Amino acid sequence: MKQKKQVFDSVLDLIGDTPMIKLKKITSEFKGNYLAKVEAFNPGHSSKDRIALYIIEQAEKQGILKPGDTIIETTSGNTGFSIAMVSVIKGYDCILAVSSKSSADKIDMLKNMGAKVYVCPANVSADDPRSYYQVAKRLHDEIKGSVYINQYFNQLNIDAHYQSTGPEIWNQTGGEITHLVACSGTGGTISGTAKYLKEQNPNIKIIGVDAFGSVLKKYHETREFDDKEIYPYRIEGLGKNLIPTATDFDSIDKFIKVSDEESAHTARELAQTEGLFVGYTSGAAMQALKQLNELNEFKETDNIVVIFPDHGSRYMSKIYSDKWMSEQGFFDSKNEAAAQSIQY
Ligand code: PMP
């Protein structure tokens with residue numbers, strides 16, 4: 001663990017060592033004790049700060065990256081923001097190839113963080129030369145000394161969490177952890193953390209959270225890719241329509257799937273019960289805890305750690321917008337707009 005300091009050399013010193021916070025009200029009817037690892041406390045407000053810093057520093061150590069070189073990734077989400085932030089401090093150019101589906105807010109955020117953003121058409125296949133995958137690959141080939149982070153297929157994504165998130169959770173709980181519940185997107189967080197925790201105690205149970213519409217749970221159970229599992233869903237960063245090599249399926253004991261609607265409501269509930277204004281996948285992870293309780297997964301004496309990956313501010317035009325929630329049909333019968341605004 002890093003030593004506590006009052007003054008930091010740069011924002012990079014604030015990456016990791018995120019707090020663990022007890023969940024009380026929202027779990028009051030549940031069996032077991034619940035601790036949330038709140039990744040919004042990273043300076044880039046998500047767990048992706050860890051992989052951005054780790055992967056870039058590994059490339060530096062191997063002499064692949066030199067000052068002025070370029071870092072490339074295909075993302076408009078948290079990883080893009082984290083890579084841009086690390087690039088600013090370390091003096092690299094950052095190129096992000098994003099889909100034209102990305103919101104203007106997200107693109108503006110990345111540009112303001114100094115990234116060069118290539119907006120690529122959303123409705124073309126991954127092997128079309130205009131797709132963001134192909135644009136990133138082409139730029140990587142063309143730009144000498146560039147590094148392509150490629151988070152879904154990069155073993156260093158797992159290593160980053162093995163080196164940081166895993167040891168932090170072990171130390172913060174004093175080893176008193178029986179279950180880890182974490183979302184799986186690239187799979188880096190859950191795989192790296194699970195590997196470290198299982199090395200300390202192989203009895204710790206690792207439960208992955210997947211989305212309806214994603215292939216991960218089925219693949220875990222059958223080791224076969226079933227494209228019938230795939231359909232569109234709203235939660236960003238959770239689940240996938242391909243099998244990422246950054247997921248170590250053997251380290252995960254089981255997956256549970258959650259819905260867009262319940263995850264959105266549960267994220268809102270976290271703000272109003274625990275004062276935690278967290279992202280959509282944090283709502284998904286909390287929703288998984290609810291379902292696991294209904295399935296009688298936990299005992300009264302269990303100590304369950306759940307990872308909340310990012311901050312709620314990135315979802316103002318989504319789950320925290322009453323308009324968006326209504327448009328999705330998520331308010332249907334409940335009519336439970338969270339903050340009723342009062343007009344004077
Ligand atoms: N939540 C959010 C908001 C994310 O952006 C991601 C990353 N895709 C995840 C959860 C999942 O983390 P991982 O990629 O490490 O599986």
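For ligands, and for the atoms within them, numbers begin at 1 and follow the listed sequence. As the structure is a prediction and not an experimental result, all values here were calculated from the model. By convention here, the first residue in the shown sequence is residue 1.
- Atom 15 (O) of ligand 1 has as its closest protein heavy atom Thr189 OG1, 2.5 Å.
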Practice task
Kindly indicate, with the supporting measurements, whether the criterion salt bridge (Lys or Arg N to Asp or Glu O under 4.0 Å) is fulfilled by Lys137 and Glu142.
Solution key: CA-CA 9 Å; Lys137 270 194 205 152; Glu142 284 173 9; over 6 Å; no
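- The shortest contact between atom 4 (C) of ligand 1 and any protein heavy atom is with Gly237 CA, 3.8 Å.
- For ligand 1, the atoms lying closer than 4.0 Å to a non-hydrogen atom of Ser184 are 16 (O).
- A tilted orientation is assigned to the rings of His265 and Phe331, their planes being inclined by 30° to 60°.
- Between Tyr219 and Phe249, the ring planes are perpendicular. Angles over 60° get that label, and only those under 30° would be called parallel.
- Taking the ring centre of Tyr280 as origin, the terminal cationic atom of Arg314 falls outside the region bounded by 6.0 Å and 45° from the ring axis.
- Between Asp302 and the options His179, Glu297, Lys205, Lys31, a side-chain contact (heavy atoms from CB on, under 4.5 Å) holds for only His179.
- Less than 4.0 angstrom separates some heavy atom of Gly188 from each of these atoms of ligand 1: 15 (O), 16 (O).
- For the side-chain contact (heavy atoms from CB on, under 4.5 Å) with Ile204, the lone residue among Leu197, Val305, Asn303 that qualifies is Leu197.
- Regarding atom 7 (C) of ligand 1, its nearest protein heavy-atom neighbour is Lys48 CE, 2.9 Å.
- At the top of the distance list for atom 5 (O) of ligand 1, counting protein heavy atoms only, stands Asn78 ND2, 3.3 Å.
- For ligand 1, the atoms sitting less than 4.0 Å from at least one non-hydrogen atom of Gly187 are 13 (P), 14 (O), 16 (O), numbered in the order shown with element in parentheses.
- Nearest to atom 16 (O) of ligand 1 by heavy-atom distance, out of Gly185, Ser46, Ala182, is Gly185.
- Side chains of Asp310 and Tyr315: a donor-acceptor N/O pair is present below 3.5 angstrom, by distance only.
- Near Thr186, meaning under 4.0 Å from one of its heavy atoms, ligand 1 places the atoms 13 (P), 14 (O), 15 (O), 16 (O).
- Remark: the backbone N or O of Lys66 is paired with a side-chain donor or acceptor of Asp69 at under 3.5 angstrom.
- Ring centroids of Tyr320 and Phe277 are separated by less than 6.0 Å, placing the two rings close together.
- Taking atom 1 (N) of ligand 1 as the reference point, the nearest protein heavy-atom neighbour is Thr281 OG1, 2.7 Å.
- Counting atoms of ligand 1 from 1 in the listed order, those under 4.0 Å from a heavy atom of Tyr315 are 3 (C).
- The shortest heavy-atom distance from Gly279 to ligand 1 is not under 4.0 Å.
- Using a non-hydrogen distance threshold of 4.0 Å, Asp310 registers as a contact of ligand 1.
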